[in-house]
Amino acid sequence: MLSIKDLSMRYDGKLIFENINWELGEGELGLISGATGSGKTSLLYAILGFVGEYVDAKIEGRITVNGITPNEALKNQLVYYVPQEPINSFIGYDVCTELTWKNPEPRSFDEVVEALGLRGVLHRDVFTLSGGEAQKVAVGFALLGRYKLVLFDEPLANLDNDSRKKFIEQLKLLKEKNVTVIIAEHRTEYLKGIADTSVELHSEKFDAPEPEIDLKDKKANGDLIKVTNLNYIYDSGVQALKNISLEIKAGEIVTFVGPNGSGKSTLAKIIIGMLPSKGVFTGARTKGFMLQTPELQFLQDKVISEVLYESRDRNIADQSIKFFGLESKKERLPHSLSRGERVRLALASAVAKDPELYVLDEPTEGQDQFGLSLLVNILKLIKSSGSSAIVITQEESLTKKISDRVYRFYNGEIYESQ
């Protein structure tokens, strides 16, 4: 089904990977692993035929998909790609229309909807979905199409543990239907048991440094955030939050955990002012944030300009860029970075602002172990400076390392867990 011979890629003259040789047959599952920025997404783009057409890079070597070039396979609708941000591939209707516009068989539709747990969101606007829910819809569309090759780019990143297990079951179904699947993923422990073959991309690795960033000592004390009996209903009628009450004190690291669609991101958006609502007191004079889809907040055409945009101190901005490993990419377009690098850019921009409150929505997405260590280290510095942080995450191991307080969400409700 897929044949890769002596494949190398360069971007702006820099070697991304070289001499890859890989073969996958019908119904096999291939796993692409490697550190953030090692070229996992770039390899997927090469298999799709995007390089040279939509991606300004150069490749050497040969790729065939079902005996033809990647461009021909894409035009013949043999290949389907689920991006890191699946919402970018949607045509913009409700979930039911999104899944059925290619007229799948009704029986297959019902099976996929039940298997993915999508029955309750079929009439939701796709742009109101949480990141995890959006990933499920994209996976559903891939399952319903008659594709020979399906590519997933970090599909586990925004899924809760139960959804990850269901996703693995759907991969087994694809294999049974002789669909070839390729997955680029950091969380390889979930996939090694069902992968038939794998390729690991290498990049230079270092131990995560301690941050040398001169954050100012904050004078805030007491409650920075206080939420009392908060309810939130979207215009669609969906109640995202039900009678929420919580407190976040100065110098606390607080995590929001819970299943996809349970209200975590909605509350975060209310706290930073993106959604209007009563019932929230904030004593934080300055806020820094990272959205679940960080590129939606990028406003500048260079990495350096993005970090400096709201920075209160040029020295802190430069230190943040260095800490997050973006020095060599300062002149790059933010949207040209890898997914993990875009997350680091959003984090660097938030740190450069040196706020009293950070709100970070899924900052582990696209991060390898080095990136996770960077996150832990910067959160320790944030806490020591007297700032507070809200971290939304699916990663329980991270929660245990960083949290002073944990708020667990379920179906729009919340309870505190120490």
Side-chain angles (χ1 to χ4, degrees), residues 1-2 24 26-31 44 48 65-66 73-74 76-185 187 190-191 193-196 236 238 259-262 394 411:
M1 168 52 65
L2 175 70
L24 281 91
E26 286 190 5
E28 289 191 327
L29 190 150
L31 174 62
L44 292 182
L48 283 163
V65 178
N66 206 34
L74 191 63
N76 291 332
Q77 299 185 36
L78 300 180
V79 184
Y80 180 70
Y81 172 59
V82 182
Q84 291 173 334
E85 307 84 30
I87 196 170
N88 292 337
S89 68
F90 293 161
I91 56 178
Y93 296 100
D94 62 25
V95 171
C96 185
T97 305
E98 195 71 43
L99 291 172
T100 59
W101 68 269
K102 290 195 74 172
N103 298 315
E105 299 175 5
R107 181 181 176 187
S108 297
F109 174 81
D110 288 337
E111 288 177 355
V112 169
V113 166
E114 292 301 324
L116 291 173
L118 291 170
R119 184 69 62 187
V121 298
L122 282 179
H123 301 292
R124 288 262 301 277
D125 183 326
V126 291
F127 296 114
T128 68
L129 300 175
S130 70
E133 289 168 335
Q135 184 65 270
K136 291 179 189 178
V137 172
V139 169
F141 185 83
L143 290 166
L144 290 167
R146 296 182 177 89
Y147 299 102
K148 297 290 187 182
L149 175 63
V150 178
L151 310 180
F152 294 96
D153 200 346
E154 296 201 37
L156 303 179
N158 281 326
L159 300 183
D160 57 56
N161 285 331
D162 286 343
S163 297
R164 288 174 179 175
K165 293 175 183 176
K166 290 179 180 178
F167 176 76
I168 300 303
E169 293 304 312
Q170 295 308 311
L171 293 180
K172 293 177 182 177
L173 178 60
L174 282 173
K175 286 167 62 70
E176 290 171 4
K177 293 183 177 181
N178 284 328
V179 177
T180 302
V181 178
I182 297 176
I183 300 176
E185 183 59 66
R187 295 158 180 81
Y190 289 90
L191 300 165
I194 64 169
D196 298 293
S236 63
V238 173
N260 302 128
S262 57
Q394 300 288 356
N411 195 29

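Please read these numbers as outputs of a predicted model, since none were measured by experiment. Quick note: numbers below take in every heavy atom, side chains included, and nothing from hydrogens, waters or symmetry partners.
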Report task. Report the C-alpha separation of Asn161 and Tyr190 in whole Å, then their side-chain angles, then the decisive distance to 0.1 Å, and conclude whether the side chain to side chain contact (heavy atoms under 4.5 Å, CB included) test is met. Result -> CA-CA 10 Å; Asn161 285 331; Tyr190 289 90; 3.2 Å; yes

Query raised in the report: side chain to side chain contact (heavy atoms under 4.5 Å, CB included) between Asp125 and Asp94: does it pass, once the steps are laid out?
Result: CA-CA 4 Å; Asp125 183 326; Asp94 62 25; 5.8 Å; no

Requested in this report: Take Asn66 and Leu149 through the side chain to side chain contact (heavy atoms under 4.5 Å, CB included) test and state the conclusion after the steps.
Outcome: CA-CA 9 Å; Asn66 206 34; Leu149 175 63; over 6 Å; no

Report task. Could you walk me through whether Asn260 and Gln394 pass side chain to side chain contact (heavy atoms under 4.5 Å, CB included), step by step? Result -> CA-CA 9 Å; Asn260 302 128; Gln394 300 288 356; 3.1 Å; yes

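With sequence neighbours left out, Glu114 forms a side-chain hydrogen bond (donor to acceptor under 3.5 Å, both in side chains) with Arg119. Scanning for ring-ring contact (aromatic ring centres under 6.0 Å, His included) contacts around Tyr81 gives an empty result, with sequence neighbours left out.
Between Gly27 and Asp196, the shortest heavy-atom distance links the atoms O-OD2, 4.1 Å. The two atoms that bring Val82 and Ala138 nearest to each other are CG1-CB, 3.6 Å, heavy atoms only. Between Ala184 and Pro155, the shortest heavy-atom contact is O-CD, 3.9 Å.
Counting only heavy atoms from C-beta outward, the side chains of Leu31 and Glu185 approach each other to under 4.5 Å. Looking at Glu28 and Met1, their side chains never come closer than 4.5 Å, going by heavy atoms from C-beta outward. Two residues are said to be in side-chain contact when any heavy atoms from C-beta on lie closer than 4.5 Å; Ile194 and Ile168 meet this criterion. Residues Asn411 and Ser262 have side chains not in contact (no heavy-atom distance under 4.5 Å, counting atoms from C-beta outward). Taking 4.5 Å as the limit, some side-chain heavy atom of Thr100 sits within range of a side-chain heavy atom of Phe109.
The closest donor-acceptor contact from the side chain of Glu98 to the backbone of Ile91 lies under 3.5 Å.
Within the model, atoms CG of Leu174 and OG1 of Thr180 stand 10.0 Å from one another, a figure rounded to the nearest 0.5 Å. The CD atom of Glu111 sits 9.5 Å away from atom CG of Leu144, with the distance rounded to the nearest 0.5 Å. With values rounded to the nearest 0.5 angstrom, Asp153 atom CG is found 10.5 Å from Ile183 atom CD1.
Screening Leu24, Val150, Leu171 for a side-chain contact (heavy atoms from CB on, under 4.5 Å) with Leu29, the sole residue that qualifies is Leu171. Partner of Phe141 under the ring pair (Phe, Tyr, Trp, His ring centres under 6.0 Å) criterion, out of Phe90, Trp101, Tyr93: Trp101 alone.
Counting only residues at least two apart or in different chains, ring pair (Phe, Tyr, Trp, His ring centres under 6.0 Å) contacts with residues 156-184 comprise Phe152-Phe167.
Between Glu169 and Lys166, no side-chain nitrogen of the basic residue sits less than 4.0 Å from a carboxylate oxygen of the acidic one, so the salt-bridge criterion is not met. A salt bridge links Arg124 and Glu133; the closest N-O separation between the charged side-chain nitrogens and carboxylate oxygens is under 4.0 Å.
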